[in-house]
Amino acid sequence: YHFDSLSLLNVYCEVITDKLKEQLERLTDSVKEKSAELKGSLEDKVESLLSKSSYKAEDVITFLEKKLAALKEANAKLQK
């Protein structure tokens, strides 16, 4: 076999590219899993909060509305 420098460089770049793609796929999968875990835990916490304080449902709703308004305001500032 005869390889010139350019051919070897191309092969090397392909190998590196494949490795980077694999690492990116693993990272993407990991982020998706972690996101699902966090979403689930947040939903569980809210559900637990609501079930424990069902007698104070109106207070909980008011609190959540205030927090949502604050988040929307903060997001609007970030979007500018």
Side-chain angles (χ1 to χ4, degrees):
Y1 296 101
H2 173 66
F3 293 106
D4 60 12
S5 296
L6 186 56
S7 295
L8 288 174
L9 183 59
N10 283 336
V11 169
Y12 180 74
C13 286
E14 286 178 20
V15 169
I16 295 297
T17 300
D18 289 344
K19 294 280 186 195
L20 288 173
K21 283 180 185 177
E22 290 173 11
Q23 289 178 350
L24 183 58
E25 287 172 1
R26 283 196 303 270
L27 177 61
T28 300
D29 290 343
S30 177
V31 168
K32 285 179 184 177
E33 287 176 18
K34 185 55 80 176
S35 177
E37 287 175 18
L38 292 174
K39 181 180 177 189
S41 65
L42 175 61
E43 289 173 356
D44 292 342
K45 288 176 184 176
V46 170
E47 190 66 38
S48 174
L49 172 68
L50 291 175
S51 68
K52 289 179 182 176
S53 54
S54 60
Y55 61 94
K56 291 186 175 186
E58 195 59 39
D59 292 341
V60 171
I61 291 169
T62 301
F63 170 78
L64 291 173
E65 287 173 340
K66 287 179 183 177
K67 288 296 183 182
L68 181 59
L71 286 171
K72 285 182 178 181
E73 184 178 325
N75 188 43
K77 288 179 183 177
L78 291 174
Q79 298 300 319
K80 290 182 180 181

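Bear in mind the structure is a predicted one, so any value in this text is a computation, not a measurement.
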Measure the spacing between CG of Leu9 and CD of Glu14 and express it to the nearest 0.5 Å.
10.5 Å

Which side-chain N or O atoms in residues 64-79 pair as donor and acceptor under 3.5 Å with protein atoms at least two apart or in another chain?
from: Asn75; atom 1: OD1; to: Gln79; atom 2: NE2; distance (Å): 3.2

For residues 25-34, tabulate all N or O donor-acceptor pairs below 3.5 Å that involve a side-chain atom, not counting sequence neighbours.
from: Thr28; atom 1: OG1; to: Leu24; atom 2: O; distance (Å): 2.8
from: Lys34; atom 1: NZ; to: Glu37; atom 2: OE1; distance (Å): 3.4

Who are the salt bridge (charged side-chain N to carboxylate O under 4.0 Å, His left out) partners of Lys19, not counting sequence neighbours?
none

